[in-house]
Amino acid sequence: MDATAQVQLLKENVEIFLPDNALEEKLALAEKENRKLIIKLGFDPTAPDLHLGHAVVLKKLRQFQELGHTIVIIIGDFTARIGDPTGKNKSRPPLSSEQVKVNAQTYVNQLSKILDVSKCVIRYNSEWLGAMDMTAAISLLSQVTLAQIMQRTDFNNRFTSGLPISLHELVYPLLQGFDSSVIHADIEMGGTDQLFNCSMGRQMQESAGSTGQAVVCMPLLRGIDGSAKMSKSEGNIVGLTDHPNEMFGKIMSIPDALLPEYLHLTTDFSKSEKQELLDRLQQGENPMNIKKLVGLNVVTQYHSTDEAQQAQDFFQNQFQNKRFDEKEFITVSLVTLGLGISENLRLIDLCKGLKPEESRSNLKKLIEAGSVTVNGLKVTYAQSSLEPSSFPVKVRIGKRGFFEVLS
RNA sequence: GGGGAGAUUCCAGAGUGGCCAAAUGGGACGGACUGUAACUCCGUUAGCGUAAGCUUUCGAAGGUUCGAAUCCUUCUCUCCCCA
């Protein structure tokens, strides 16, 4: 691939380059010094569940990796004790070192779905941050002013709206920046929400007398509910390890308005394929069709073509087909639910057995609201009893709970 | 260090002795409609009980009272102003 083609590929979907011609500059540098670039990606081991939002960044990293550049993953085990304040207004509980190890391992496993982990360098930042003494720490702190730190939107918002900001949170960007300095990063990747932290790294490197890293930020993928950002705490994620059926279903449930964004950021389609699908949307084709194609594509990336196809079939049968009998049910027996078959097994008790995580009060409300059907018929009285002779019985609870109960 | 304000159910935010499991809005969930989209409408939103009702909940711990989210004491945390 020639240089221009490389740049074009690497620029696709990127939202922010800092400085503007960062990429060209760094690539030229690599060429001149006859070496590959060091690309940094930081990871906070408090939240090891990767989702499609992370994948946007990881896919870009893969492109760099495929061009031979070195990916350095920083496991922020030290900084996890502080907690990245990005978008947060509450402090997080500290993690034990065992928990950090477990999380790091899960994280790396998930990374391998996208990156060739064997070619990545993995470093823990406690290695240098933990060893730092007070003199070095103070000297680090002296490199940045309060006004600079307060430029960060998040701190600014919290400050102006009277919310607490602890001092240790202010230090977080510096430590993350110091990481860049230690590993001599050429480029730091992240979502646009990491812009501040990443540019701090650039500054730290420069004040340490070396060349500052370039910052490459990918757009933030919005959550499946259409809210600003996909994040676990919002409960709007598509996890990379989600079951194919679930993954497909989640894609189908995104608002139509999000479809172009998902098409661009989450799929593997080529530029021309993407354009073709966008054209079809524009021409008024039912967005559902395009959404299915996106769903198929995404599930294929993280599972397989077959599983993606099966997921689509499942979806069509389970949710689009109106015939109750033809749906798939999870088979359970009364015995495994710990329920004996008796003269008067009440519906509420059966539901509690099937959905133990729901409270009885809540299940009762669901039944009364008409969300429970027995053999396809709504039953709205929680105390209804089920005759022993009526088993096996098919019970649906809410949109997604399909059970066939054997006696 | 001194002075002031505040902490309410998932979130925001009312409530200043009984009518408070706590207004209202948001979110979430469920129902109708549908393409598990959007829009719209309706319902639910502490737990347990078939029910009457009972239990726990308004930063924490004590106290006053027949009765406390509301009053008092101590404590914890936060914000603002002055130094």
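Just so we're on the same page: letters track the sequence lines, and every chain starts at 1. Predicted model, so just to flag it, every value in this text is computed and none were measured.
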Output the single nucleotide from [options] whose closest atom is nearest the side chain of [X].
{"X": "A:P164", "options": "B:G31, B:C79, B:G47", "result": "B:C79"}
{"X": "A:K378", "options": "B:G35, B:C48, B:G31", "result": "B:G31"}
{"X": "A:F159", "options": "B:G35, B:U50, B:C80", "result": "B:C80"}
{"X": "A:P255", "options": "B:G49, B:U36, B:A38", "result": "B:A38"}

May I have the distance from [X] (atom [atom1]) to [N] (atom [atom2]), rounded to whole angstrom?
{"X": "A:I348", "N": "B:G47", "atom1": "CD1", "atom2": "P", "result": "11 Å"}
{"X": "A:F319", "N": "B:G35", "atom1": "CZ", "atom2": "P", "result": "15 Å"}
{"X": "A:Y262", "N": "B:A37", "atom1": "OH", "atom2": "C1'", "result": "13 Å"}
{"X": "A:L258", "N": "B:G35", "atom1": "CG", "atom2": "P", "result": "21 Å"}
{"X": "A:N236", "N": "B:C10", "atom1": "CG", "atom2": "C1'", "result": "15 Å"}
{"X": "A:D225", "N": "B:A38", "atom1": "CG", "atom2": "P", "result": "10 Å"}
{"X": "A:Q320", "N": "B:A37", "atom1": "CD", "atom2": "P", "result": "10 Å"}
{"X": "A:I367", "N": "B:U45", "atom1": "CD1", "atom2": "C1'", "result": "17 Å"}

Just wondering, are more than 12 heavy atoms of other shown residues or ligands nearer than 6.0 Å to CZ in A:F324?
-> yes
CG (A:D2) with more than 12 external heavy atoms under 6.0 Å | yes
Give the intermediate values and the outcome of side-chain hydrogen bond (donor to acceptor under 3.5 Å, both in side chains) for residues A:N236 and A:R222.
-> CA-CA 9 Å; A:N236 60 11; A:R222 283 187 282 171; over 6 Å; no
Under 4.0 Å, heavy atoms only, any strand: does [X] hit a base, just the sugar-phosphate, or nothing?
{"X": "A:K250", "value": "nothing"}
{"X": "A:S361", "value": "base"}
{"X": "A:K292", "value": "nothing"}

Do A:K327 and A:E404 meet the salt-bridge criterion of a basic N to acidic O distance under 4.0 Å?
-> no
